[in-house]
Amino acid sequence: MENSNGAKAHPPRTRRLGIWLVGAHGGVATTTAVGTLAIRKGLAVPRGLVTELSDFSALDLAPLSGVSFGGWELRPGTWREAAHEIQDRSGTFKESLLGAVEEDLAGFDRWVKPGLAAGCGEAIGALAPGARREHPVDFFARAVEDLARFRREARLDAVVVVNVASSEPPPAVGLLESLTTWTSFAKELKRRLPRLPASVVYAAAAIEARCPYVNFTSSAGSNVPALAARALKNGVPHMGADGKTGETWVKTVLAPAFLARNLKILSWEGHNILGDGDGRILAHLENARAKLQDKDQALRRILKDPAVHSRVRIDYVPSLDDWKTAWDFIHFEGFLGVKMILQFIWQGCDAALAAPLILDLARLVEFAQKGGEAGWMTHLACFFKNPRGVEENGFEAQFERLRAYVRAHVQNRRNPPLASSALFRYRR
Ligand code: NAI
């Protein structure tokens with residue numbers, strides 16, 4: 001084929017996206033990598049990916065065929081070993097599927113680099129007792145270089161960092177809020193006795209390397225004033241926190257429905273039991289604290305009624321592995337004060353619920369950066385239990401916000417002169 005100048009035209013090169021996973025050998029990270037390869041080889045359909053819905057087809061999102069993986073991890077091992085462990089314990093992948101993607105999976109091992117254990121608490125520290133203990137300031141410099149090298153050597157157009165590491169204990173009260181400038185952050189980073197949680201150092205490195213950042217966990221991540229300001233300055237989109245994949249997603253679908261029918265919620269008890277690595281870490285109250293709060297707040301912010309009794313429990317049941325069961329008991333009042341009950345039982349394979357959303361988020365933040373957007377990506381609230389910069393917690397309203405974003409971008413593309421409104425640029 002020739003172009004209008006008579007020169008030989010090359011087919012457009014596939015846009016290549018790198019997804020850098022913090023907690024690379026965990027259940028969510030490994031399932032994301034295995035699933036992407038399976039879809040790419042035509043062994044699975046992209047079920048569960050919101051970005052594969054028809055509404056999103058007009059956006060120029062990075063194709064899954066061009067995705068590569070890398071990341072930081074504390075535990076030794078390979079991606080293949082991690083995938084087999086998941087397979088043996090939870091049976092998430094068909095044996096034949098795993099066999100077909102193993103070689104490609106092994107190709108990503110060269111991009112898994114040692115992580116940072118500082119500020120993660122005892123439970124996480126115990127995951128890799130023999131790991132090299134790097135000071136955060138040295139790690140930060142290496143991390144920025146790890147991301148740059150991944151981009152350069154894997155010939156990527158963009159790299160997105162996604163935090164899927166174990167949940168950290170909260171840092172000292174007021175510490176993160178006090179870091180309002182990059183100078184104050186840099187000073188804290190250099191402290192001889194580190195106080196910053198690793199998730200914050202990872203987020204800072206991503207922002208410094210100009211990589212969009214997603215915090216899928218309840219850890220602090222980029223939720224620090226100095227990092228939010230730096231993200232705007234560096235043109236970096238970021239969003240969190242804590243992926244909304246199962247019980248909390250259903251809660252935020254149901255709660256607005258009760259309000260719409262003027263039914264009064266009296267009590268909402270949610271009891272979660274799960275196994276695997278996440279459950280093991282969440283068995284430590286200090287590691288579970290932020291997640292328990294995220295799960296409860298999502299409901300309370302919708303109900304806006306301080307009199308409601310609500311509680312969330314998370315218990316570790318090792319034999320369940322990645323299969324989580326949540327039992328929710330909703331006591332509510334209807335006409336004439338009649339009290340009624342709704343109960344639901346949610347049984348999900350946690351990583352299989354999370355993995356497609358990781359791909360969605362990576363594609364959407366990369367798309368945002370390509371269009372010049374930076375700061376908190378509030379249109380992605382529907383993916384999170386505790387969305388930053390957003391008051392709305394009802395799922396449908398949040399999802400409508402995402403649809404509106406997509407419609408505005410499609411409209412912008414069809415009608416470029418109107419695009420100058422910079423509607424989606426530099427959100428604060
Ligand atoms: P996992 O325990 O299987 O994996 C976590 C991985 O992170 C482990 O390989 C661990 O060694 C690694 N890690 C821990 N601290 C690290 C650090 N400082 N640096 C580098 N690596 C580190 O847990 P899973 O099930 O994969 O979940 C990952 C995260 O996603 C958890 O925080 C979980 O609460 C969160 N999440 C998961 C959801 C789901 O699975 N549906 C929903 C919402 C949040």
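We count ligands from 1, going down the list as the structure has it; atoms in each ligand are counted the same way. As the structure is a computational prediction, the values presented were derived from the model and not from experiment.
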message: Tell me whether Glu366 is salt-bridged to Lys370, with the criterion being a basic N under 4.0 Å from an acidic carboxylate O.
response: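 Answer for the salt bridge query: no.
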So, does [X] sit close enough to ligand 1 that a heavy atom of it is under 4.0 Å from the ligand?
X      : answer
Leu353 : no
Lys385 : yes
Gly246 : no
Lys291 : yes

- request: Around atom 20 (C) of ligand 1, find the nearest protein heavy atom and jot down its residue, atom name and distance.
  value: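 Here the closest protein heavy atom is Tyr202 OH, 3.3 Å.
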- prompt: So which protein heavy atom does atom 29 (C) of ligand 1 come closest to, and at what separation?
  reply: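 Result for atom 29 (C) of ligand 1: Ala165 O, 3.4 Å.
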Relative to the heavy atoms of [X], which atoms of ligand 1 are at a distance of less than 4.0 Å?
X      : value
Leu127 : 10 (C), 11 (O), 14 (C)
Gly23  : 6 (C), 7 (O), 12 (C), 20 (C), 21 (N)
Ser167 : 32 (O), 34 (O)
Ala354 : 39 (C), 40 (O), 41 (N)
Ile124 : 14 (C), 15 (N)
Asp276 : 25 (O)
Gly27  : 1 (P), 3 (O), 4 (O), 26 (O)
His25  : 9 (O)

Evaluating non-hydrogen atoms only, which member of [options] is closest to [atom]?
atom                    : options                        : answer
atom 25 (O) of ligand 1 : Asn287, Val112, Ile314, Asp278 : Asp278
atom 36 (N) of ligand 1 : Phe384, Trp249, Phe216         : Phe216
atom 26 (O) of ligand 1 : Ile86, Val22, Thr248, Val28    : Val28
atom 43 (C) of ligand 1 : Ala118, Gly243, Gly275         : Gly243

- request: Select one of side chain, backbone, both or neither to describe which atoms of Leu74 lie under 4.0 Å from any atom of ligand 1, heavy atoms only.
  value: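 The part of Leu74 near ligand 1 is both the backbone and the side chain.
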query: Heavy-atom contacts under 4.0 Å between Cys120 and ligand 1: side chain, backbone, both, or neither?
result: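 For Cys120, the contact with ligand 1 is made by the side chain alone.
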Under a 3.5 Å distance rule, please check whether [X] uses its side chain to pair with a backbone N or O of [Y] as donor and acceptor.
X      : Y      : value
Arg155 : Arg16  : no
Glu73  : His25  : yes
Gln369 : Gly235 : yes
Arg149 : Val144 : no

Just distances here: any N/O of [X] and N/O of ligand 1 closer than 3.5 Å?
X      : value
Asp322 : no
Gly26  : yes
Asp350 : yes
Ala29  : no

Can [X] and [Y] be counted as having a side-chain donor-acceptor contact under 3.5 angstrom?
X      : Y      : value
Gln347 : Trp323 : no
Arg301 : Asn386 : yes
Glu373 : Tyr405 : yes

message: Please report the interatomic distance CZ(Phe140) to CG(Leu196), rounded to the nearest 0.5 Å.
response: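 Reported to 0.5 Å precision, the distance equals 11.0 Å.
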query: Rounded to the nearest 0.5 Å, what separation is found between the CD atom of Gln398 and the CZ atom of Phe384?
result: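 Those atoms lie 10.5 Å apart.
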task: Quick one: sort the Phe395 and Phe399 rings into parallel, tilted or perpendicular, breaks at 30° and 60°.
output: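 Rings of Phe395 and Phe399: parallel, as their planes differ by under 30°.
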- prompt: Would you call Ile19 and Val67 a side-chain contact if the rule is heavy atoms closer than 4.5 Å?
  reply: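 Ile19 reaches Val67 side chain to side chain.
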query: If we only count heavy atoms from C-beta on, is the Trp346 to Leu353 side-chain gap below 4.5 Å?
result: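 Yes, at least one pair of side-chain atoms sits under 4.5 Å.
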message: Using the side-chain hydrogen bond (donor to acceptor under 3.5 Å, both in side chains) definition, which of the options Lys295, Lys385, Lys291 pairs with Thr248?
response: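 Of all the options given, the one that passes is Lys295.
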